[in-house]
Amino acid sequence: MIASAVVPQEFSALSVITLAADAFYANRLASSLRGMGVTALENFDSLSTMTARLGEVNVDVIVCEIRTECGDGLMLPSLLKSLYETGTLTRFPSVFWTGETTLDPAPIVVDGTSSRLPDSVLGKHWIKRMGGVPISSLESHARLARAAGIVVEILREGGGMDLGDALRALVDRQSQKKEQIDTATFDALAEDDVISALTTGKGLRFVYQPQFDLQTRRVVGAEAFVRWHHPKHGEVPPSVLIPLVHRLGLDLLLFSLVEAWTIKVLMALKKAHIEIPIAVNASAQTICTPNFAERLAARMGEADLSANLLKVELTEDVPAADELHLSASLTAIRSKGFQVSMDDFGTGSATLKLLTNLSFDEMKIDGSFVREVQQTTSSRKLISGIVSWARLLNLNLVAEGIEDEQTIALLYRLGCRVGQGYALARPMEMDEFFDFMIQEDRSRLSAGVNDVSL
Ligand code: C2E
Ligand code: MG
Ligand code: MG
């Protein structure tokens with residue numbers, strides 16, 4: 001009797017393209033993928049032959065071989081981005097980079113010529129490569145591609161994800177996405193709905209995420225985030241709402257809502273003898289509104305709250321031409337006693353240039369670096385660099401997007417003292433946050449201040 005091999009069904013719905021110039025490598029990839037149950041599979045030996053096909057079928061993933069002699073794999077993310085921008089693609093396929101992994105001794109440069117390190121130090125300086133390309137370069141390139149919205153995984157032998165793990169993560173992401181509201185649905189949202197929500201406040205609320213001292217685990221602050229429950233579409237994420245608010249020029253209206261909610265929270269906490277600063281997000285456009293600082297100071301004064309309990313986080317892209325205006329506004333806000341923070345440092349326009357030109361109390365490390373800190377040496381180096389810059393510029397530092405315990409410990413070792421993220425506490429509804437703070441205060445009082453340390 002012949003036993004028939006059982007082919008798994010887990011990945012049978014995926015449409016996969018392999019991009020490999022070398023026929024032997026392409027066959028190897030194809031047999032691995034078929035063995036995992038992938039049936040919709042095609043191979044292309046160059047970007048140019050693959051491009052037309054991308055316009056015809058919906059591809060879930062492109063598994064592509066990295067080779068120094070052929071730059072196609074490295075060029076793939078920028079090709080995908082331009083196809084998306086011209087409308088040929090409606091969504092990005094994931095990109096998995098794979099290739100032969102090697103360990104080479106690092107070259108040193110002597111008198112302008114490259115040579116190998118002496119044997120005595122070999123073993124200390126090694127470069128890990130995939131298909132001849134240093135993994136550290138691949139990691140930086142992958143980070144840029146991810147910032148552009150493309151999922152890129154590096155499948156290196158003997159570490160991290162393998163092909164099966166990466167496909168499984170892709171299938172998980174796809175099923176999670178289905179549960180979420182489709183972003184495209186919101187393109188159809190009537191602008192009237194946004195205007196009505198902002199003017200009446202109906203359906204809008206704010207949630208609060210505590211920020212912690214990473215050593216003592218005491219709450220040292222919090223951040224407010226908007227939430228919108230649309231009567232027909234349900235929860236609308238800020239990534240959809242905020243650009244709409246921006247397009248409609250309603251930033252200040254949104255800010256006045258977060259300001260009112262947050263003042264309410266601060267007053268309730270003060271009544272319970274808890275005083276921690278709460279950060280509110282504000283676009284450059286909001287911050288540059290005439291008399292913004294005076295108005296904010298008046299509101300806080302009416303509530304009998306000290307200005308240092310409110311922190312303003314600059315979130316949006318800042319057009320260079322507005323830097324002078326923004327600089328004046330930030331200075332006015334700080335002179336009223338409010339703290340000012342630069343959100344998402346290291347991404348978009350939250351650059352070193354802006355940080356050194358403008359006046360801030362704090363910088364926040366973007367969650368995209370924090371989430372990679374365990375896997376990639378480049379993220380660790382980057383965060384160490386940011387820690388040094390913060391010290392040099394005398395700025396407080398907050399790491400956001402901390403999702404597990406190991407990351408808390410690692411960030412602390414790298415010099416970050418304050419952080420927020422799901423591993424510490426998720427954003428909470430206002431009442432829940434209030435109860436959480438009361439509880440936190442009680443346990444702090446009963447346990448003493450230096451109770452928990454890493
Ligand atoms: P942000 O200010 O950088 O906020 C951080 C985002 O990370 C929040 O998403 C927060 O809920 C989420 N987050 C917190 N911890 C974790 C974690 O451990 N893992 C992950 N993956 N995410 C985490 P949210 O609430 O969706 O807000 C997204 C962005 O929308 C904010 O980024 C901010 O730029 C903007 N935003 C939110 N609320 C407001 C608002 O009231 N006004 C303005 N102007 N912008 C807002
Ligand atoms: Mg923020
Ligand atoms: Mg942020």
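Remember, it's 1-based here, ligands and their atoms both numbered in the order they're listed.
The option from S368, A224, P238 that lies nearest to atom 28 (C) of ligand 1, judged by heavy atoms, is P238. Taking each of F255, Y422, W228 in turn, the one with a heavy atom nearest to atom 17 (C) of ligand 1 proves to be Y422. Looking at L254, V370, D344, T262 and measuring to atom 42 (N) of ligand 1, the nearest heavy atom belongs to L254.
Numbered from 1 in the order shown, with element, the atoms of ligand 1 that lie under 4.0 Å from a heavy atom of E400 read 3 (O). Close approach of ligand 1 to E403 (heavy-atom distance below 4.0 Å) involves ligand atoms 17 (C), 18 (O), 19 (N), 20 (C), 21 (N). For ligand 1, the atoms lying closer than 4.0 Å to a non-hydrogen atom of I402 are 18 (O). Applying the 4.0 Å criterion to heavy atoms of R227 picks out, from ligand 1, the atoms 11 (O), 24 (P), 25 (O). Those atoms of ligand 1 with a heavy atom of Q209 less than 4.0 angstrom away are 14 (C), 15 (N).
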Please list every donor-acceptor pair under 3.5 Å in which a side-chain atom of residues 384-401 meets a protein atom from a residue at least two apart or in another chain.
unit_1: S384; atom_1: OG; unit_2: R380; atom_2: O; d: 3.1
unit_1: S388; atom_1: OG; unit_2: S384; atom_2: O; d: 3.1
unit_1: E400; atom_1: OE1; unit_2: K364; atom_2: NZ; d: 3.4

Side-chain donor/acceptor pairs under 3.5 Å, residues 252-272, sequence neighbours excluded:
unit_1: S256; atom_1: OG; unit_2: L253; atom_2: O; d: 2.7
unit_1: E259; atom_1: OE2; unit_2: R295; atom_2: NH2; d: 3.4
unit_1: T262; atom_1: OG1; unit_2: Y208; atom_2: OH; d: 3.1
unit_1: T262; atom_1: OG1; unit_2: V258; atom_2: O; d: 2.7
unit_1: K270; atom_1: NZ; unit_2: D304; atom_2: O; d: 2.6

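For the atom pair D441 CG and R218 CZ, the distance stands at 8.5 Å (nearest 0.5 Å).
Contacts of I242 with ligand 1, taken as heavy-atom pairs under 4.0 Å, involve the side chain alone. Counting heavy atoms closer than 4.0 Å to ligand 1, residue T315 contributes side-chain atoms (C-beta onward) but none from N, CA, C or O. Using a 4.0 Å cut-off between heavy atoms, D343 contacts ligand 1 through its side chain alone, with no backbone atom that close.
Side-chain contact check for T286 and T289: no donor-acceptor pair (N or O, by modelled atom type) lies under 3.5 Å. T407 and Q374 share a donor-acceptor pair across their side chains, judged by distance under 3.5 Å alone. Residues S283 and D251 have side chains that bring a donor and an acceptor to within less than 3.5 angstrom of each other.
Under a 3.5 Å cut-off, the side chain of E429 and the backbone N or O of V207 do not form any donor-acceptor pair.
Using cut-offs of 30° and 60° on the angle between ring planes, the pair F436 and F212 is perpendicular. Between H230 and W228, the two ring planes are perpendicular [angle over 60°; tilted spans 30° to 60°].
Around the Mg ion (ligand 2), the protein contributes the following N, O or S atoms at distances under 2.8 Å: E223 OE2, N281 OD1, E313 OE1, D343 OD2.
In this structure, P427 counts as a contact residue of ligand 1, since one of its heavy atoms falls inside 4.0 Å of the ligand. Between G367 and ligand 1 there is no heavy-atom distance shorter than 4.0 Å. Residue contacts with ligand 1: E223 is included, with a non-hydrogen atom under 4.0 Å away.
For the side chain to side chain donor-acceptor pair (under 3.5 Å) with S379, the qualifying choice from E372, E139, R371 is E372, the only one to do so. Partner of I66 under the side-chain contact (heavy atoms from CB on, under 4.5 Å) criterion, out of E100, R129, M130: M130 alone.
Remark: E10 pairs with R168 by the side-chain contact (heavy atoms from CB on, under 4.5 Å) rule, at least two apart or across chains.
The distance criterion of under 3.5 Å between nitrogen or oxygen atoms is not met by F206 with respect to ligand 1. Below 3.5 Å of separation, one finds no N or O of Q420 facing any N or O of ligand 1.
In summary, D60 and R91 engage in a salt bridge, as defined by a charged side-chain N under 4.0 Å from a carboxylate O.
F92 has its ring centre less than 6.0 Å from the ring centre of Y84.
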